There are 2 protein chains.
Amino acid sequence: MTIHVSTLCLGALSLGEASGYELKKFFEETFAHFHSASFGSIYPALSHLERDGLVTHRVEEQTHRPARKIYTLTANGRQRLAQTLDEVETGEQLRSDFLVQMFFAHLLPAGRVAAAVSGRLAATEAQIAYLEQVEARADLLPGMRFTVRYGLAVNRAKRDFLRSAEAHVPDTAGGCTDE
Amino acid sequence: MTIHVSTLCLGALSLGEASGYELKKFFEETFAHFHSASFGSIYPALSHLERDGLVTHRVEEQTHRPARKIYTLTANGRQRLAQTLDEVETGEQLRSDFLVQMFFAHLLPAGRVAAAVSGRLAATEAQIAYLEQVEARADLLPGMRFTVRYGLAVNRAKRDFLRSAEAHVPDTAGGCTDE
DNA sequence: ACCTACATGTAACCCGTTACATGATTTG
DNA sequence: CAAATCATGTAACGGGTTACATGTAGGT
């Protein structure tokens, strides 16, 4: 079995009550580097979880702002979360359009390869900078810190590899233009 | 825009004609570490590509075996592939159920964290062994070799991190059991 | 006897994203 | 005056997976 948005929601709510809107922010801030979710999946997930008795909500009215629905984990929800996390198979998978591009580098126009590499390098460096900020936070549990350090280790390896690649690859994948 | 199965098929066919069945094998052998595709998406993709005039096929009858449809890239197909590869945005994203598990390590039963880490370590080591074999092949174009080395760099970083984690984390995420 | 490899294909399903509708308030 | 932030929700769409149907041959 794999992790879905509903499990992510349960997980986030296990750390404290929140609205759907806040959950999205939380996902972006905290585990953007290994999962994601949009409103279109979060709101339905919360409804579904409530139908199943895993969360409840109260409405918080606000002046000059839309009312918020604050969701709270129930005892059943907490139990379900623990069970799901335990049963999930410990998988990981990369989906890299960048590597597809590189794989067929010989079909790209001159300069495109170098552009792709430096683009990816910039993105990786940004990711590192971001993770370093997160790592500095004092409120992280050991498991959370683990995910950040894992991300840092992986991204630093990517960065180093891409930097050395920038030097090695002159243009169009090492001048190996066939056809 | 992102890479879809049809682009993967065009790419594989740019290296030589093949049947749908062979394409699947190729995907598994050659870029399993950054993309994937199942029959349920490959066959429809090929039909669609043929409708669009990007590939053609001939039927190869076999004795005692089902007939094969051997697909070939057309000139239009080759052009489209080059164009798509050029236009794709150079993205990359990880989807890690392992890290979700780690993030909520404090909710897991004793021993589960250690099991997850060593399971992931074994998978990573297998991946490295596999990539090392691929790297040894002489028929790889520079771009293809790049993807293999990238995979090796990333996975070795993961391996090293997980090994040191195995030592550091005694059980249940560093003895941080709350609740 | 059963599983695996060979080989193609389709339909049901799943789960997610994008885009929209609604609407006040703050910031550039 | 436009855009972003706050806040929720839904419908259309998309793109994939799983599972099934079909059938032979060879290995265990």
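Since this is a predicted model, take the numbers as computed values, not measurements. Every chain is numbered from 1, with letters handed out A, B, ... down the list of sequences.
The nearest whole Å value for the distance from the CE atom in A:M1 to the P atom in C:dC14 is 15 Å.
Closest to the A:R65 side chain, of the nucleotides D:dT5, C:dG9, C:dA7, is D:dT5. Distances were taken from every side-chain heavy atom of B:H4 (C-beta onward) to each of D:dG16, C:dC6, D:dT8; the shortest belongs to D:dG16. Of the candidates C:dG9, C:dA5, D:dT8, the closest approach to any side-chain atom of A:S19 belongs to D:dT8.
At a threshold of 4.5 Å between non-hydrogen side-chain atoms, the residues B:M144 and A:H106 count as touching.
Open room surrounds CD on A:Q133; 12 or fewer heavy atoms of other groups in view lie less than 6.0 Å from it. Counting heavy atoms of neighbouring residues, nucleotides and ligands inside a 6.0 Å radius, atom CZ of B:R80 does not exceed 12 of them.
Here side chain to side chain donor-acceptor pair (under 3.5 Å) pairs that include residues 90-104 of chain A, with residues two or more places apart or in two chains, are A:T90-B:Q101, A:E92-A:Y150, A:E92-B:S96, A:E92-B:K158, A:R95-A:D97, A:S96-B:E92, A:D97-B:H35, A:Q101-B:T90.
Under the 4.0 Å criterion applied to side-chain N and carboxylate O atoms, A:E125 and A:R159 are not assigned as salt-bridge partners.
In this structure, A:L8 is not a member of the same hydrophobic cluster as A:I70, with clusters built from ILVMFWY side-chain heavy atoms closer than 4.5 Å.
Against DNA chain C, the stretch residues 49-64 of chain B makes heavy-atom approaches under 4.0 Å through B:Q62.
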Mind listing the N/O atom pairs, protein and nucleotides 17-22 of chain C, below 3.5 Å?
{"from": "C:dT17", "atom 1": "OP2", "to": "A:S38", "atom 2": "N", "distance (Å)": "3.3"}
{"from": "C:dT17", "atom 1": "OP2", "to": "A:S38", "atom 2": "OG", "distance (Å)": "2.6"}
{"from": "C:dT17", "atom 1": "OP2", "to": "A:S41", "atom 2": "OG", "distance (Å)": "3.0"}

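B:Y21 belongs to a hydrophobic cluster whose other members, connected by ILVMFWY side-chain contacts under 4.5 Å either directly or through intermediates, are B:F39, B:Y43.
Side-chain N/O atoms of A:K24 include none lying less than 4.0 angstrom from OP1 or OP2 on D:dA7.
Rounded to 10 degrees, the angle between the two end axes of the helix from C:dA1-D:dT28 to C:dG28-D:dC1 is 40°, with five pairs used at each end.
Residues satisfying the ring-ring contact (aromatic ring centres under 6.0 Å, His included) test with B:F31, not counting sequence neighbours, are A:F103, B:F26, B:F27, B:F34.
One distance of note links CD of B:Q83 with CD of B:E87; it measures 4.5 Å at 0.5 Å rounding.
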